[in-house]
Amino acid sequence: MQYRAEKNKIRLASLSELDPVKTFECGQCFRWNADENGVYTGVARGRAARIWAEGDSVYIDADEKDVAEIWRDYFDLGRDYCAIVFSGGEYLEACARYGAGIRILRQDGWEALCSFIISQCNNIPRIKRIIETLCREFGDPISAFGETLYTFPPAERIASLEPDDLSPLRCGYRASYIIEAARAVSTGRLNLEVLADCDYDTAVRELKKLKGVGDKVANCVALYGLHNMSGFPIDVWMKRALKKHFPEDFDPRSLGPFAGLAQQYIFYYTRNGKEGMGNERL
DNA sequence: GAACAGGCAACTC
DNA sequence: GAGTTGCCTGTT
């Protein structure tokens, strides 16, 4: 085990409000990794933290000031997810029960954009590998918990590169998409801060102007990177679930302004619930 | 070696 | 506008 100074063990939430396993393993993020004790280490907004559950509580080990100023917001703890209920039938209710404790993280827009461009036609272990290499090669090192972690490199830094510079990532044809996206963000041609305040249609339309960003990636970025809760990414798993449990002409909008949370519940249930058992690797 | 993957774009009809 | 194909790389 790594050295572990128990200097900051701060209660963050109850397990029913924030379930670390569900939240980190539901496909929305790629940079939180659990050790053998179920303690997750991650870096976001240039800071490192550890998160774990103990009984009914969830604790965080991080700078105390960061907990108040960064992490509470990152985990979207200002919103009562239990108060968001969907009228979408029994199946959706089962998904919501199963996924209780999932939170939609307030991730950085550029990080989400870059990560989900990488995710296309790719599996999670490889996506994680590519992103970690990207951070190690181009991010800034930070010391935390006795190890060296890396921040996600800013768009400006990636914008100055050429596709060949990304060859250590071995991300193939996605390299040019990443750089193109970085340039759009760093020049302001794509303003993610502005987009975060735009309606869903505008956000998706603008994101899709980028090469390598289609419907799926745009919806992931809207939901996970812009925290637009109307975002409703549909991948092969969602397609399968929708086909089986919803009418042919199902429109995510019918689920209301928090359709994205419903999507997350459905996805997690179909991937990890009894329907998805035995299909660990897609 | 061939087929395929948590997708997209470019091309076809 | 629906359907097909190439794309990098890694895995099966």
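Below, read A as the first sequence line, B as the second, and so on, with proteins coming before strands; counting in each chain starts at 1. Both backbone and side-chain heavy atoms feed into the values below; hydrogens, waters and symmetry mates do not.
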**Asked** Can you name the one residue among Ile60(A), Asp66(A), Val58(A), Asp61(A) that meets side-chain contact (heavy atoms from CB on, under 4.5 Å) with Ile10(A)?
**Response**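 Among the candidates, only Ile60(A) passes.
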**Message:** With a 6.0 Å cut-off (strictly less than), is the heavy-atom count around CD of Glu156(A), excluding the residue itself, greater than 12?
**Reply:**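 For Glu156(A), atom CD is crowded (more than 12 foreign heavy atoms under 6.0 Å).
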**Item:** Within 6.0 angstrom of Asp56(A) CG, more than 12 heavy atoms from elsewhere
**Value:**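 Atom CG in Asp56(A) is not packed in, count stays at 12 or less.
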**Item:** Base dT11(C) paired with Arg126(A) side chain (donor-acceptor, <3.5 Å)
**Value:**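 It does not, because no donor-acceptor pair links the side chain of Arg126(A) to the base of dT11(C) below 3.5 Å.
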**Request:** Ignoring the backbone of Arg129(A), work out which of dA9(B), dT11(C), dA5(B) is nearest its side chain.
**Result:**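 For the Arg129(A) side chain, the nearest candidate turns out to be dT11(C).
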**Prompt:** Choosing from dA5(B), dA9(B), dC8(B), which nucleotide comes nearest the side chain of Gln120(A)?
**Reply:**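 Among the listed nucleotides, the one closest to the side chain of Gln120(A) is dC8(B).
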Counting the atoms with a prime plus P, OP1 and OP2 as sugar-phosphate, which does [X] contact under 4.0 Å by heavy atoms, base, sugar-phosphate, or nothing?
{"X": "Gly214(A)", "value": "sugar-phosphate"}
{"X": "Arg170(A)", "value": "sugar-phosphate"}
{"X": "Phe267(A)", "value": "base"}
{"X": "Ile130(A)", "value": "nothing"}

Spacing of [X] atom [atom1] relative to [N] atom [atom2], expressed in whole Å:
{"X": "Ile127(A)", "N": "dA5(B)", "atom1": "CD1", "atom2": "C1'", "value": "10 Å"}
{"X": "Leu207(A)", "N": "dC8(B)", "atom1": "CG", "atom2": "C1'", "value": "15 Å"}
{"X": "Asp164(A)", "N": "dC8(C)", "atom1": "CG", "atom2": "C1'", "value": "13 Å"}
{"X": "Leu113(A)", "N": "dG7(B)", "atom1": "CG", "atom2": "C1'", "value": "14 Å"}
{"X": "Asp235(A)", "N": "dG7(B)", "atom1": "CG", "atom2": "P", "value": "5 Å"}
{"X": "Ile117(A)", "N": "dT9(C)", "atom1": "CD1", "atom2": "P", "value": "17 Å"}
{"X": "Asn122(A)", "N": "dT12(C)", "atom1": "CG", "atom2": "P", "value": "14 Å"}

**Item:** Strand contacts (DNA chain C) in residues 173-182 of chain A, 4.0 angstrom heavy-atom criterion
**Value:**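 Within this stretch, Tyr173(A), Arg174(A) sit under 4.0 Å of the strand.
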**Request:** Could you work out the separation of dG10(C) and dA9(B) based on their C1' atoms and round it to a whole Å?
**Result:**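 Looking at atom C1' only, dG10(C) and dA9(B) are 22 Å apart.
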**Asked** Taking the nucleotide of DNA chain B with the closest heavy atom to each, which residue, Lys208(A) or Gln263(A), is nearer the 5' end?
**Response**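 It is Gln263(A), whose closest nucleotide lies nearer the 5' terminus.
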**Prompt:** Looking at Phe30(A) versus Phe116(A), is the centre-to-centre ring distance below 6.0 Å?
**Reply:**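 Ring centres of Phe116(A) and Phe30(A) closer than 6.0 Å.
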**Message:** Between Asp76(A) and Tyr81(A), does the side-chain hydrogen bond (donor to acceptor under 3.5 Å, both in side chains) criterion hold? Intermediate values first, please.
**Reply:** CA-CA 9 Å; Asp76(A) 199 26; Tyr81(A) 280 40; 2.6 Å; yes
**Prompt:** Using a 3.5 Å cut-off on both pairing distances, which stems of three or more Watson-Crick or G-U pairs include DNA chain B?
**Reply:**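 Expected stems, ordered by start: B:2-5 with C:9-12, B:7-13 with C:1-7.
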SB check [X] [Y] (cutoff 4.0 Å):
{"X": "Glu206(A)", "Y": "Lys209(A)", "result": "yes"}
{"X": "Arg72(A)", "Y": "Glu64(A)", "result": "no"}
{"X": "Glu54(A)", "Y": "Lys9(A)", "result": "yes"}

**Asked** Any side-chain donor paired with an acceptor under 3.5 Å for Ser254(A) and Asp251(A)?
**Response**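 Note: Ser254(A) and Asp251(A) side chains miss the donor-acceptor criterion.
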**Prompt:** Hey, mind stepping through Arg50(A) and Glu147(A) against salt bridge (Lys or Arg N to Asp or Glu O under 4.0 Å) and telling me if it holds?
**Reply:** CA-CA 12 Å; Arg50(A) 284 185 163 176; Glu147(A) 52 186 328; 3.3 Å; yes
**Request:** Given salt bridge (Lys or Arg N to Asp or Glu O under 4.0 Å), test Arg45(A) with Asp108(A) step by step and report yes or no.
**Result:** CA-CA 7 Å; Arg45(A) 305 191 192 177; Asp108(A) 175 67; over 6 Å; no
**Request:** Heavy atoms only: give me the nearest Ile117(A)-Ala181(A) pair and the separation to one decimal.
**Result:**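 Minimum heavy-atom separation between Ile117(A) and Ala181(A): CD1-CB, 3.7 Å.
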Return the polar atom pairs (N/O with N/O) between nucleotides 11-13 of chain B and the protein under 3.5 Å, or none.
none

